[in-house]
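Okay, structure first, notes after.
Hydrogens, waters and symmetry mates play no part in the numbers below; they use all other heavy atoms, side chains included. Note that ligands are numbered from 1 as they come in the structure, with each ligand's atoms numbered from 1 the same way.
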Amino acid sequence: MDESITPRRFAETLAHDIPKHWLPGNEVVSSLLNAYTVLVPANEAFYIRTLNACLPRITDPALRKRCHAFIRQEAQHGVAHKRYWGNLDAQGYSYRGFERLVDRAIFKTMDRWAPLWLRASLVSCVEHINAYLGYEFLSQAILDGADPRVRSLMEWHFAEEIEHRAVAFDLLQAVSPGYPVRLAGAATTATLFYLLMTGLAVALLVQDGVLWRKDTFRQAAAHLGSTHHMARRTIGHLWNYLRPGFHPSQLGGDGLAADVLARQAAAHPPIVVAMAAQAE
Ligand SMILES: [Fe+2]
Ligand SMILES: [Fe+2]
């Protein structure tokens, strides 16, 4: 499934003429993914620190190789999403203080105080969340009609999340395979992820002055229910993660991811560029 994970650089220019709400007619989904963009770099830096801390315990050369490729992909996601912060700044959003607070109060605190088994379990669960978000956004073509540059950023990231979705889970099985460990990580991660992302998306909608509108509630209801079914589908994906026989490969989506990445690499100029292999 992910035997060959290819690190890629996101080469698209994210010019400042990208509209604030880059998915026309859907301020809710634009704001949710803007919140995702803000939270990604600190999140992914935490995954990288956690994997680096686990690596000395990993002897299987194939898993080590997959971990190194995972780290390189996540590092590039952080770089590309942070580039987009320049657009959020130009649009007048205030979010940097919140981002710093989250990084310090949650991720850096976890580094210091949470045992490695819990950190590995958090990363395993959040990687499942990243992968099923990617799967839902790509399989339902939710970003059709979006500004092509932001759509490319999100779809590249989602495709790579699908590509490397099993690495953190397999790493957790290698360092701490107990079921209670998986449960503890899942409960913490799902709560934190949805609180932070929804909280920040709401704050962005408040800054736009569009939170208390009929249209916003209609868009949220369509995203969660009638159109994208994200409430039901999220519960289903989280429930799957709790099944004792779960493995990320069961999610599927490899073809969807491969299509996105091949199309982006073949574009003129290319949207993503494969990076050279690196010695361990
Ligand atoms: Fe990522
Ligand atoms: Fe990831």
### Query
How wide is the angle at the Fe ion (ligand 1) between OE1 of Glu74 and NE2 of His157, to the nearest 10°?
170°
#### Entry: the Fe ion (ligand 1): angle it makes with OE2 (Glu44) and OE2 (Glu161), nearest 10 degrees
130°
### Query
Would the number of heavy atoms belonging to other residues, nucleotides or ligands and lying under 6.0 Å from CZ of Arg96 be above 12?
yes
### Query
Hey, is there an N, O or S on His164 sitting under 2.8 Å from the Fe ion (ligand 2)?
yes
### Query
Does Arg104 CZ have over 12 foreign heavy atoms under 6.0 Å away?
no
### Query
What atom name does the N, O or S atom of His77 nearest to the Fe ion (ligand 1) carry?
ND1
### Task
Is it possible for you to check whether Lys65 lies under 6.0 Å from the centre of the six-membered ring of Phe70, through NZ or CZ, and within 45° of that ring's axis?
no
### Message
I'd like to know if Asp103 and Arg100 make a salt bridge, using a cut-off of under 4.0 Å between side-chain N and carboxylate O.
### Response
no
